[in-house]
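First the proteins, then the strands, lettered A, B, ... as listed; each starts at 1.
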Amino acid sequence: MDRHHPYSQVNGVSTGTTILAVKFNGGVIIGSDSRASMGESYVSSKTINKLIQVHDRIFCCIAGSLADAQAVTKMAKFQLSFHSIQMESPPLVKAAASIMRELCYSNKEELRAGFITAGWDRKKGPQIYVVSLGGMLLSQPFTIGGSGSTYIYGYVDAKFKPDMTLEEATQFSTNALALAMGRDNVSGGVVHLVVITEAGVKHIVVPGDELPKFHDE
Amino acid sequence: MCAKIHYIAPNIYCCGAGTAADTEKTTDMLSSNLTIFSMNSGRNPRVVMAVNIIQDMLFRYHGMIGANLILGGVDCTGSHLYTVGPYGSMDKVPYLAMGSGDLAAMGILEDRFKVNMDLEQAKALVSDAIQAGIMCDLGSGNNIDLCVITKEGVDYIRPHKESPYNYKRQAKYKYKSGTTPILTKTVNKLELDLVQETVQMMETSASS
């Protein structure tokens with residue numbers, strides 16, 4: 001397997017990826033592509049799931065080493081469910097993000113994974129938290145992450161508006177992901193979107209041939 | 001001949017690529033673990049449980065255990081196929097190839113895989129994919145083994161297809177004593193000096 005990634009910084013399967021989360025009026029949309037790569041030249045999976053559910057209304061998007069990210073989210077899911085049972089109420093999104101941050105910061109030497117934790121809770125409604133590589137925790141109205149995000153900073157900065165409707169936010173996310181997947185070689189596959197609101201969780205998949213096309217395609 | 005399809009549970013089998021010792025021992029440990037679980041809980045193990053256990057173990061060792069595994073089985077929730085990498089990453093897949101011949105086999109699988117194939121089609125596909133690996137990869141060879149797992153039971157076909165190249169000795173390779181003539185013989189005595197001598201008494205009496 002080593003021949004697949006001679007110069008890669010991440011050992012093993014990596015989600016060279018594009019992930020994003022956007023707050024809209026009444027909820028939050030998180031999205032990702034579906035490609036997992038080994039090194040810079042082999043696509044080890046076209047259908048990997050990067051939107052991991054850690055609780056009923058809380059999801060985590062993963063980026064970086066797939067093994068590290070899966071291990072951290074598994075641990076966080078367990079700790080969050082334990083916390084929720086102890087408190088006898090659904091956990092806050094901030095609690096989930098803090099658990100992720102604690103794991104990332106304490107093990108920052110060994111881990112190479114970044115996360116976007118987003119969801120809805122009773123106290124503060126829809127929220128988005130970024131837990132980056134070294135364990136920084138930051139709350140934002142929208143955020144993008146992964147290797148493909150560098151290509152869409154201009155787009156999201158220009159096009160984001162606070163308090164969008166669900167349709168506007170869905171279109172914004174799909175466009176952003178399609179643009180990133182078009183330029184980044186380690187992002188691709190299909191677009192996965194999850195809409196989290198008070199009412200529940202909805203999973204939308206946009207296959208490759210239904211992605212928005214831009215002027216040069 | 002090497003058996004690369006390992007038993008995990010009556011309804012779960014695992015193909016191992018990578019370091020043979022690692023795949024052997026890891027699957028052995030997993031199998032023991034699941035047997036104990038079955039006895040304790042009175043339930044048949046689920047494929048996803050095997051995956052979780054293996055994933056935790058491999059992650060703990062940070063890729064030092066070179067096991068690339070494909071786990072497949074049928075349990076009460078249906079039939080499942082998972083892959084687990086040496087660093088602890090896992091993926092649920094409809095079809096997959098791993099090992100040094102993975103790219104060759106993947107070509108065949110990508111071309112002919114269809115959802116809801118029937119059994120004979122699937123066996124032919126897997127057999128052809130392995131054959132591609134055998135032909136195009138120097139690290140793969142000899143026979144093709146298949147393991148078919150269904151709700152009714154397991155069919156471990158070993159071998160499904162034998163290699164057409166048989167190893168039969170063409171001549172006798174044992175030589176009589178004295179075949180190689182000895183030309184000269186010299187004996188050098190090694191001078192050894194006794195440097196230190198210590199005696200330790202052992203407790204050999206029956207009382208303890």
Q) Which value, rounded to the nearest 0.5 Å, describes the distance between A/Thr47 atom OG1 and B/Lys92 atom NZ? A) 10.5 Å

Q.
Is it true that, when you exclude B/Leu138 itself, more than 12 heavy atoms of the residues, nucleotides or ligands shown sit nearer than 6.0 Å to its CG?
A. no

Return a table of donor-acceptor pairs under 3.5 angstrom between the side chains of residues 94-109 of chain A and protein atoms on other chains or two or more places apart.
| unit_1 | atom_1 | unit_2 | atom_2 | d |
| --- | --- | --- | --- | --- |
| A/Ser98 | OG | A/Lys94 | O | 2.9 |
| A/Ser106 | OG | A/Glu102 | O | 2.6 |
| A/Asn107 | ND2 | A/Leu103 | O | 3.0 |

(Q) Just verifying a value: how many Å separate A/Ser44 OG and B/Met98 CE, rounded to the nearest 0.5 Å? (A) 8.0 Å

Q) Does the side chain of A/Tyr42 come within less than 4.5 Å of B/Leu103's, by heavy atoms? A) yes

Q.
Please check if the number of heavy atoms outside B/Met29 that lie under 6.0 Å from its CE is greater than 12.
A. no

**Q.** side-chain hydrogen bond (donor to acceptor under 3.5 Å, both in side chains) contacts touching residues 26-55 of chain B (sequence neighbours left out)
**A.** A/Gln70-B/Gln55, A/Lys74-B/Asn52, A/Lys74-B/Gln55

Q) Quick one: CZ on B/Phe59 to CE on A/Met75, what's the gap to the nearest 0.5 Å? A) 9.0 Å

Q | Residues, nucleotides or ligands: over 12 heavy atoms within 6.0 Å of B/Met64 CE | A | no

Q. CG/A/Asp68 to OG/B/Ser89 distance, rounded to the nearest 0.5 angstrom?
A. 9.5 Å

